[in-house]
Amino acid sequence: DTPLASMSNAGSLALRGYISSHGATTNCTTHVGVCLDYAENYPTNDATLEPGDIVALDEIKPVNVVKAVAGSPIIGIVSTKPGILLTEGDVLIGDISFQEPGQVPVALAGRVPIKVSNENGAISIGDLLTVSSSSPGVAMKATEPGRVLGMALEPFDNVASDSAPG
């Protein structure tokens with residue numbers, strides 16, 4: 001089996017086969033989280049998943065994804081609007097604003113808005129983020145060694161959970 005696409009740690013992207021475009025890359029704006037990530041569709045039975053949720057492999061059905069909790073096998077963040085989306089049969093590029101039933105686009109690399117809380121204090125630009133210990137699918141400021149999801153690109157200090165790019 002030859003993969004449709006691969007991305008190196010340095011950010012080089014190799015695509016094989018045909019590429020379908022839904023919209024054009026000119027429709028993508030250049031601010032954080034919009035058409036700036038590389039995502040893959042994953043199956044899910046969790047109808048509550050939405051963009052910005054941190055997801056992990058479902059321990060009951062490991063091919064599916066669910067909202068992540070502390071200690072779960074995290075694989076990514078539900079994308080808002082991927083710039084490149086891998087599906088079962090296509091590589092889609094551009095302004096991809098549709099979602100296949102029972103699937104969610106999980107960002108594998110790039111800039112993606114993520115739901116955050118101030119559970120471990122206010123988040124500053126550059127703070128490392130990890131999975132919240134009390135809110136499934138939500139990130140918090142990392143204050144101890146452990147799994148890191150990414151780095152905050154914007155500050156966050158609200159009391160309620162919300163989205164901030166990470």
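The first residue in the sequence is number 1, and the count goes up from there. As the structure is a prediction and not an experimental result, all values here were calculated from the model.
Rounding to the nearest 0.5 Å gives a distance of 10.5 Å between OG1 of Thr80 and CD1 of Ile114. Here Asp157 contributes atom CG and Ser124 contributes atom OG; the two are 8.5 Å apart, rounded to the nearest 0.5 Å.
Looking at every heavy atom in both residues, Val116 comes nearest to Val138 through C-CG1, 3.6 Å. In this structure, Ala139 and Ile54 approach most closely via the heavy-atom pair N-CD1, 3.5 Å. Smallest separation of non-hydrogen atoms from Ala107 and Val112: CB-CG2, 3.3 Å. Here the shortest heavy-atom pairing between Leu153 and Arg111 reads CD1-CD, 3.7 Å.
Side chain of Arg147 to main chain of Ile74: a donor-acceptor pair is present (N/O by atom type, distance under 3.5 Å, no hydrogens or angles).
Asp127 pairs by the salt bridge (charged side-chain N to carboxylate O under 4.0 Å, His left out) definition with Lys141, not counting sequence neighbours. With sequence neighbours left out, Ala39 forms a side chain to side chain contact (heavy atoms under 4.5 Å, CB included) with Asp37, Ser79, Pro82, Leu85, Pro105. Qualifying side chain to side chain contact (heavy atoms under 4.5 Å, CB included) partners for Ile125, counting only residues two or more places apart in sequence or in other chains: Pro155. Residues that satisfy the side chain to side chain contact (heavy atoms under 4.5 Å, CB included) test with Leu128, not counting sequence neighbours, are Ala142, Val148, Met151. Evaluation of the salt bridge (charged side-chain N to carboxylate O under 4.0 Å, His left out) rule for Glu119 yields no partner, not counting sequence neighbours.
Both Ile75 and Leu49 are part of a single hydrophobic cluster, where members link through side-chain heavy atoms under 4.5 Å apart. By the criterion of side-chain heavy atoms lying less than 4.5 angstrom apart, applied directly or through intervening Ile, Leu, Val, Met, Phe, Trp or Tyr residues, Val91 is grouped together with Leu108 in one hydrophobic cluster. One hydrophobic cluster holds both Ile93 and Leu86 under the rule that ILVMFWY side chains link at heavy-atom gaps under 4.5 Å. A continuous path of ILVMFWY side-chain contacts below 4.5 Å connects Val55 to Leu57, so both sit in one hydrophobic cluster.
Pairs engaging residues 50-71 under the side-chain hydrogen bond (donor to acceptor under 3.5 Å, both in side chains) rule: Glu50-Lys115, Asp53-Lys115 [sequence neighbours left out].
If you run side-chain contact (heavy atoms from CB on, under 4.5 Å) between Met140 and each of Thr130, Asn118, Leu129, Leu149, only Thr130 comes through.
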